[in-house]
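Letters go in sequence order (proteins before strands), and every chain restarts at 1.
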Protein chains: 2
Amino acid sequence: MSANSRLTIAAHTLTWIGLYQRRGHEVATSEQIATSVNTNPVVIRRLLGELRKAGLVDSRRGAGAGWMLSRDLASITLLDVYQAIESGPVFALHRAAPDPGCVVGHGIGPVMTAVYDDVEAALRGELAKTTLEDVLRDVLKVA
Amino acid sequence: MSANSRLTIAAHTLTWIGLYQRRGHEVATSEQIATSVNTNPVVIRRLLGELRKAGLVDSRRGAGAGWMLSRDLASITLLDVYQAIESGPVFALHRAAPDPGCVVGHGIGPVMTAVYDDVEAALRGELAKTTLEDVLRDVLKVA
DNA sequence: TCTAGTCGTAACCATATTTGTTACAACACT
DNA sequence: AGTGTTGTAACAAATATGGTTACGACTAGA
């Protein structure tokens, strides 16, 4: 499967901003975050742009610019983050429609869709269990 | 996310073979299956090769060759199929290791790993609930 | 033994997604 | 006015999936 690190990077980014703000700073720059994540600042800015659309962060431009959380870490679950950045489903149906003249080809679509709906619901339910506050607490525990 | 139709195609393929055998045929060819799935026979053969490694199907070569189920539809869950064909995890950690000198960069890995383990367990648990016998029954219901 | 049909697999291409990178205009604080 | 950062476009690299052609390996049956 196309291993996808977007959720990891997003959680890292938000947790970093949260900790940075908790230490008294107003805004965090994409440059600072990129250093911790070990990637390019543009990657962080792109991701933060999506998180802003979802209302999780806000940004300030000009000199002394940067990013800040819109909501408290405790009120943001990994499901919120996931929904902000993941577009498509985990599993897809056929790329090209199967033979409608075949019993299986005709009926398999709705059946698999029902299964995938349940799977995604389970996945979302699991992600909803963890808040970024939980993540930060456990991160500090590791260190 | 890179929408992945492999599980759909695999379930379609196995269900097709199961129904075909139930109608009195001994083996199914990749050509027949590919017609129902609407793809190239090589794609089916590649997938069936992985399913054979997992012990779900077997093949016969030479004239009158083809594929047959190794186990009954009722004894194969979608989790069995998933594990036979999916290699990597749904979510990945950082591509490049984050800054170990940063508290978040240092601790985020283990924390997200724990979350992802729970998510995958939930996903697998959901897939384990459905057997290919269930799939075939529902497919016939749709038609 | 020959023939025909199918598997098994390699090789290659097309497409899509993610990630990394450079570049630069827009913006706002000092 | 100068400076630092966002916002965004453009492009390249890497990876995964899916489709296609090609061909040797194999075996049932003529």
Side-chain angles (χ1 to χ4, degrees), chain A residues 1-10 12-13 17 20 25-35 37-53 57-68 70 82 85-98, chain B residues 1-10 12-13 17 20 25-35 37-53 57-68 70 82 85-98:
Chain A
M1 175 156 296
S2 76
N4 191 319
S5 65
R6 289 162 60 79
L7 183 56
T8 301
I9 306 300
H12 185 154
T13 296
I17 298 175
Y20 195 62
H25 303 88
E26 273 199 33
V27 299
T29 70
S30 61
E31 176 89 31
Q32 296 171 317
I33 301 166
T35 298
V37 174
N38 188 16
T39 185
N40 192 291
V42 174
V43 173
I44 301 298
R45 290 206 290 272
R46 273 200 296 234
L47 205 51
L48 281 168
E50 298 181 57
L51 296 174
R52 179 178 48 206
K53 277 185 203 156
V57 298
D58 209 349
S59 64
R60 211 153 65 185
R61 307 187 64 170
W67 302 82
M68 66 209 79
S70 298
Y82 176 74
I85 60 176
E86 295 295 342
S87 46
V90 177
F91 296 111
L93 293 185
H94 308 68
R95 182 170 290 199
Chain B
M1 177 157 293
S2 77
N4 190 317
S5 66
R6 289 163 60 80
L7 182 56
T8 301
I9 306 301
H12 184 154
T13 295
I17 298 175
Y20 194 63
H25 303 89
E26 274 200 34
V27 298
T29 69
S30 61
E31 176 88 33
Q32 297 170 317
I33 301 166
T35 297
V37 174
N38 189 17
T39 185
N40 193 291
V42 175
V43 173
I44 301 298
R45 290 206 289 273
R46 274 199 294 232
L47 205 50
L48 281 168
E50 299 182 55
L51 296 174
R52 180 180 45 206
K53 277 184 204 158
V57 299
D58 209 347
S59 64
R60 209 152 67 185
R61 307 188 65 170
W67 302 82
M68 67 210 78
S70 298
Y82 175 74
I85 61 176
E86 295 295 344
S87 45
V90 176
F91 297 110
L93 295 185
H94 308 67
R95 183 169 288 198

Colleague: Has the side chain of A/Asn38 got a donor or acceptor atom that lies under 3.5 Å from a matching backbone atom of B/Ala97?
Modeller: yes
Colleague: How many Å lie between CG on A/Leu47 and P on C/dG20, as a whole number?
Modeller: 11 Å
Colleague: Which residues pass the side chain to side chain donor-acceptor pair (under 3.5 Å) test with A/Thr35, sequence neighbours left out?
Modeller: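 By the side chain to side chain donor-acceptor pair (under 3.5 Å) rule, A/Thr35 matches no residue at all.
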Colleague: Are B/Asn4 and D/dA16 close enough that a side-chain N or O sits under 4.0 Å from OP1 or OP2?
Modeller: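 For D/dA16, neither OP1 nor OP2 has a side-chain N or O of B/Asn4 closer than 4.0 Å.
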Colleague: Measure the distance from CG on A/Asn40 to P on D/dT8 and round it to the nearest whole Å.
Modeller: 17 Å
Colleague: Of all residues at least two apart in sequence or in a different chain, which pass the side chain to side chain donor-acceptor pair (under 3.5 Å) check with A/Thr13?
Modeller: none
Colleague: Specify the separation, in whole Å, of atom CD of A/Glu26 and atom P of D/dT6.
Modeller: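 In whole Å, D/dT6 P lies 15 Å from A/Glu26 CD.
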Colleague: What residues form a side chain to side chain donor-acceptor pair (under 3.5 Å) with B/Arg46, not counting sequence neighbours?
Modeller: none
Colleague: Figure out the CD1/C1' separation between A/Ile9 and C/dT19, and round it to whole Å.
Modeller: 10 Å
Colleague: Once you round it to whole Å, what is the distance between P of D/dT5 and CD1 of A/Ile17?
Modeller: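 These atoms are roughly 15 Å apart.
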Colleague: Rounded to whole Å, how long is the line connecting atom CG of B/Leu7 with atom C1' of D/dT17?
Modeller: 15 Å
Colleague: Report for the helix from C/dT1-D/dA30 to C/dT30-D/dA1: angle between first-end and last-end helix axes, five pairs each, rounded to 10 degrees.
Modeller: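 Angle reported: 10°, given to the nearest ten degrees.
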Colleague: Could you tell me the separation between the CD1 atom of A/Ile33 and the CD atom of A/Glu31, rounded to the nearest 0.5 Å?
Modeller: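 Answer rounded to 0.5 Å: 10.5 Å.
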Colleague: Nearest-Å distance, CD (A/Glu50) to C1' (D/dG7)?
Modeller: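 Spelled out: CD on A/Glu50 to C1' on D/dG7 is 13 Å.
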Colleague: So, is B/Ser5 close to the D/dT17 phosphate, meaning a side-chain N or O under 4.0 Å from OP1 or OP2?
Modeller: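 No, outside the criterion.
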Colleague: For A/Arg95 and C/dA16, what is the distance between atoms CZ and C1' respectively, to the nearest whole Å?
Modeller: 8 Å
Colleague: Tell me every residue that passes side chain to side chain donor-acceptor pair (under 3.5 Å) with A/Arg61, counting only those two or more places apart in sequence or in another chain.
Modeller: none
Colleague: Let me have a per-nucleotide readout for nucleotides 4-11 of chain C, 5' to 3', with B, S or -, counting only protein heavy atoms under 4.0 Å.
Modeller: BBSBBBBB
Colleague: What's the closest nucleotide to the side chain of B/Arg6 if the choices are D/dT17, C/dG20, D/dT20?
Modeller: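 It is D/dT17.
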Colleague: Out of curiosity, B/Arg45 CZ to B/Arg52 CZ, how far, rounded to the nearest 0.5 Å?
Modeller: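 Going from CZ on B/Arg45 over to CZ on B/Arg52, the span is 11.0 Å.
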